[in-house]
Amino acid sequence: MSIKTFGVIGAGQMGNGIAQVAAVSGLDVIMNDIKTEFVEKGKANIEKNLSRNVEKGRMTGEEANAVLSRIKTSIVLTDLKGADFVVEAATENEKLKLKIFQDLDEICPSQVILATNTSSIPIGRIAGATARPELVIGMHFMNPVPVMKLVEVIKGLATSQETFKTTWDLSLKFGKTPAEANDFPGFIANRILMPMINEAVFCLYQNVGTCEDIDTVMKLGMNHPMGPLALADLIGLDTCLAIMETLYDGFKDSKYRPCPLLRKYVETGWLGKKSGRGFYQYN
Ligand code: CAA
């Protein structure tokens, strides 16, 4: 299947990163969100990343301009009718994602693959919102998308081998290394990562250590590039909580219960880097 135009739903931290890597790989990109200010902010972030690449000599100014010119912004979902492959990277909210997939199923030609960047919602459930479950797949990028090498490619029960192969090859085209996972709550990445982050929040909650000490232990003791609490702030505490809820609901196992302190932070609007305050404070 030839893919020339790539659609991204969501221009937030994941969506604009995905749009960037797709455009750098040579595809025309439609980056969609619900408000002009969201798509403009997403595009400004891409411009900032590309300028840095030019400064660092990784690409020329002309190449950066060419990449930018391949990214069209959109605030109307029907613009996606021209896309050959769509990845949804909207907020991690099941109701919202199901509605987007229902709409995309009506808008996009019947052969178009509809991928989701969900971090934990079952692929089968999302596929069930469409009349093309064999063309629905998980394409899970890591944050920050331009830097992180992994794409977790998740097959739902009904996902066809052809859909899987196309998504796998597209990940390679984006310069990423794909890894295959099956459709269980949290897949591989978040099944392992999120309980670690949640446990770090429990350590803070029970005053086992301060934020700084918890992060120092994991950074210097385990060689993690950043501590779990700083990483939670980067991911977004609302997303971390949503993933823990999915693991807890999916397995009905108390070991996945979200730490009450994590919930309290989210309820207070302390969502991490994006809101200016999480476990740490940001300017
Ligand atoms: N966007 C684009 N580029 C970024 C970036 C961003 N948001 N953040 C950092 N970078 C770039 C920097 O510009 C820098 O590039 P240069 O080579 O041009 O200097 C490079 O990355 C390294 O950054 P820094 O020197 O500032 O800092 P660092 O060496 O500590 O790296 C990091 C930063 C890449 C974020 C690193 O700390 C790291 O790998 N952290 C762990 C990230 C991680 O675990 N991500 C997965 C989260 S889980 C997830 O995403 C899935 C989910 O479903 C929740």
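All values reported here derive from a predicted model rather than from experimental measurement. Counting starts at 1 for both ligands and their atoms, following the listed order. In what follows, residues are counted from 1 in the order of the sequence shown.
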(request) State whether the side chain of N198 and the backbone N or O of C259 hold a donor-acceptor pair below 3.5 Å, judged by distance alone. (result) yes
(message) Could you check whether any side-chain N or O of Q206 sits under 3.5 Å from a backbone N or O of V201, counting only pairs where one atom can act as donor and the other as acceptor?
(response) no
(message) Students often mix this up, so state it plainly: with edges at 30° and 60°, are the rings of F164 and W168 parallel, tilted or perpendicular?
(response) tilted
(request) Specify whether the nearest protein heavy atom to atom 26 (O) of ligand 1 is under 4.0 angstrom away. (result) no
(request) Say whether, by atom type as modelled, one donor and one acceptor occur between the side chain of S120 and the main chain of P185 under 3.5 angstrom. (result) no
(request) May I ask whether Q13 has any heavy atom positioned less than 4.0 angstrom from an atom of ligand 1? (result) no
(message) Main chain of F279, side chain of D233: is a donor-acceptor contact present, judged purely on distance under 3.5 Å?
(response) yes
(request) Would you mind checking if D169 and K165 are paired as a salt bridge, meaning a charged N to carboxylate O distance below 4.0 Å? (result) yes
(message) Quick test: of every protein heavy atom, which one is nearest to atom 37 (O) of ligand 1, and how far off is it to 0.1 Å?
(response) M226 SD, 3.6 Å
(request) Give yes if a backbone or side-chain nitrogen or oxygen of T239 is under 3.5 Å from a nitrogen or oxygen of ligand 1, and no if not. (result) no
(request) Look at atom 23 (O) of ligand 1 and say whether a protein heavy atom is found at less than 4.0 angstrom from it. (result) no
(request) Specify the protein heavy atom at minimum distance from atom 2 (C) of ligand 1: its residue, its atom name, and the distance to 0.1 Å. (result) N49 OD1, 3.6 Å
(request) Output yes when D238 and K274 qualify as a salt bridge under the 4.0 Å nitrogen-oxygen rule, no when they do not. (result) yes
(message) Does the protein place a non-hydrogen atom closer than 4.0 angstrom to atom 33 (C) of ligand 1?
(response) no
(request) Look up atom 40 (N) of ligand 1 and tell me if a protein heavy atom lies less than 4.0 Å from it? (result) yes
(message) The criterion is ring-ring contact (aromatic ring centres under 6.0 Å, His included); which residues satisfy it with F38, sequence neighbours excluded?
(response) none
(request) Please say whether more than 12 non-hydrogen atoms of neighbouring residues, nucleotides or ligands are located less than 6.0 Å from OH in Y282. (result) yes
(message) Which of the numbered atoms in ligand 1 are under 4.0 angstrom from any heavy atom belonging to K56?
(response) 16 (P), 18 (O), 19 (O)
(message) Does the protein place a non-hydrogen atom closer than 4.0 angstrom to atom 48 (S) of ligand 1?
(response) yes
(request) Among all protein heavy atoms, pick out the one at the shortest distance from atom 6 (C) of ligand 1; state its residue, atom name and that distance to 0.1 Å. (result) P144 CB, 3.3 Å
(request) With atom 19 (O) of ligand 1 as the reference point, say which of R52, H224, K219 has the nearest heavy atom. (result) R52
(request) Measure from atom 4 (C) of ligand 1 to every heavy atom in N190, L193, N53, V147 and give the option owning the shortest one. (result) V147
(request) For N143, take its heavy atoms, then give the atoms of ligand 1 lying under 4.0 Å from any of them. (result) 42 (C), 43 (C), 45 (N), 46 (C), 47 (C), 49 (C), 50 (O)
(request) From atom 44 (O) of ligand 1, work out which of I197, I243, L231 has a heavy atom at the shortest distance. (result) L231
(message) Return the CD1 to CG distance between I100 and L114, rounded to the nearest 0.5 Å.
(response) 11.5 Å
(message) Check contact between M14 and ligand 1, using heavy atoms of the residue and a distance below 4.0 angstrom.
(response) no
(message) Counting non-hydrogen protein atoms only, what is the nearest one to atom 36 (C) of ligand 1? Give residue, atom name and distance.
(response) P225 CB, 4.0 Å
